[in-house]
Colleague: 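Below is one structure. I have some questions about it.
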Amino acid sequence: GAGVSQTPSNKVTEKGKYVELRCDPISGHTALYWYRQSLGQGPEFLIYFQGTGAADDSGLPNDRFFAVRPEGSVSTLKIQRTERGDSAVYLCASSLEGASGELFFGEGSRLTVL
Amino acid sequence: DQQVKQNSPSLSVQEGRISILNCDYTNSMFDYFLWYKKYPAEGPTFLISISSIKDKNEDGRFTVFLNKSAKHLSLHIVPSQPGDSAVYFCAASHYDKVIFGPGTSLSVIP
């Protein structure tokens with residue numbers, strides 16, 4: 001498809017387990033963003049990439065969260081030792097460089113930690 | 001510290017009337033301001049933006065106003081339609097980092 005693709009759309013896991021969420025951006029988009037959205041809240045910034053490098057990772061809540069984008073396209077958000085408080089919708093977005101904030105979002109990956 | 005604030009969690013408007021959604025920000029370094037619209041079970045979609053050097057931008061039924069001295073922006077929708085019912089997020093960007101507000105849920109009543 002032409003849009004941002006996120007997999008899985010739903011993930012249920014147990015406390016303490018490791019989780020990977022994948023994002024496939026729009027072809028040609030150099031910037032890629034990860035956000036976390038809890039119920040009734042706005043998207044909370046986690047990290048964004050320009051190409052392969054993380055341009056700003058100041059939103060990652062702690063060292064259990066890590067994201068990579070090794071070839072400048074697909075990105076994976078990795079969460080170690082999941083906690084119940086990690087339950088949220090994880091949104092990925094991509095954009096052209098210098099797009100001044102105009103992001104294209106995927107439908108999100110809903111993570112539930114039991 | 002919430003840099004982008006939307007103090008009204010919800011708003012209800014009659015079809016055909018004007019909807020006004022408000023947003024305040026704290027960081028004077030933001031250079032673009034944006035509005036996104038979100039339907040349930042979908043990702044947010046870009047609606048309209050404004051550069052910090054302008055005070056108004058219009059696109060069809062949607063107009064965004066920026067008051068830099070007050071660090072305030074608003075989105076006007078005229079006339080409101082039932083299909084406009086959604087959650088609206090205000091966002092602000094600086095060097096491509098985009099920060100979102102908590103959202104306002106708009107209901108347009110037929």
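What you are looking at is a predicted structure, and each value in this text was computed from that prediction instead of being measured. Every chain is numbered from 1 and lettered A, B, ... according to where its sequence line falls, protein lines coming before strand lines.
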Colleague: Which residue pairs satisfy the ring pair (Phe, Tyr, Trp, His ring centres under 6.0 Å) criterion with at least one member in residues 63-86 of chain A, sequence neighbours excluded?
Modeller: none
Colleague: When the aromatic ring centroids of A:Tyr35 and A:Tyr90 are compared, is their separation below 6.0 Å?
Modeller: no
Colleague: Of the listed residues (A:Phe45, A:Phe105, A:Tyr33), which shares the most heavy-atom pairs with chain B below a 4.5 Å separation?
Modeller: A:Phe105
Colleague: Report the option among B:Ser51, B:Ser105, B:Pro102 that has the most heavy-atom pairs separated by less than 4.5 Å from atoms of chain A.
Modeller: B:Pro102
Colleague: When you measure from the side chain of A:Arg110 to the backbone of A:Asn10, do you find a donor-acceptor pair of N or O atoms at a distance under 3.5 Å?
Modeller: no
Colleague: Go through the structure and list residues passing ring-ring contact (aromatic ring centres under 6.0 Å, His included) with B:Phe62, not counting sequence neighbours.
Modeller: none
Colleague: Could you list the donor-acceptor pairs under 3.5 angstrom formed between side-chain atoms of residues 63-75 of chain B and any protein atom two or more places apart in sequence or on another chain?
Modeller:
| unit_1 | atom_1 | unit_2 | atom_2 | d |
| --- | --- | --- | --- | --- |
| B:Asn67 | OD1 | B:Ser69 | N | 3.2 |
| B:Asn67 | OD1 | B:Ser69 | OG | 2.8 |
| B:Asn67 | OD1 | B:Ala70 | N | 3.0 |
| B:His72 | ND1 | B:Cys23 | O | 3.2 |
| B:His72 | ND1 | B:Asp24 | OD1 | 2.8 |
| B:His72 | NE2 | B:Asn22 | OD1 | 3.2 |
| B:Ser74 | OG | B:His76 | NE2 | 3.4 |

Colleague: Examine whether an atom of A:Gln37 lies under 4.5 Å from a heavy atom of chain B, and if so say whether it belongs to the side chain, the backbone or both; otherwise answer neither.
Modeller: side chain
Colleague: Check the side chains of A:Trp34 and A:Ser75 for a donor-acceptor pair under 3.5 angstrom, ignoring hydrogens and angles.
Modeller: yes
Colleague: Quick check for you: to the nearest 0.5 Å, what is the distance between B:Gln3 atom CD and B:Ile99 atom CD1?
Modeller: 5.5 Å
Colleague: Tell me, for A:Gln50 versus chain B, whether the close heavy atoms (under 4.5 Å) come from the side chain, the backbone, both or neither.
Modeller: side chain
Colleague: For chain B, which of A:Val89, A:Val4, A:Leu103 has the most heavy-atom pairs under 4.5 Å?
Modeller: A:Leu103
Colleague: Need one label for B:Tyr36: side chain, backbone, both or neither, based on atoms under 4.5 Å from any heavy atom in chain A.
Modeller: side chain
Colleague: Evaluate side chain to side chain donor-acceptor pair (under 3.5 Å) for B:Lys97 paired with A:Ser58, printing each intermediate quantity in order.
Modeller: CA-CA 10 Å; B:Lys97 180 176 180 178; A:Ser58 61; 2.9 Å; yes
Colleague: Under 4.5 Å, heavy atom to heavy atom, which residues of residues 78-95 of chain B contact chain A?
Modeller: B:Phe89, B:Ser93, B:Tyr95
Colleague: Do side-chain atoms of A:Glu107 reach the backbone of B:Gly43 as a donor and acceptor pair under 3.5 angstrom?
Modeller: no
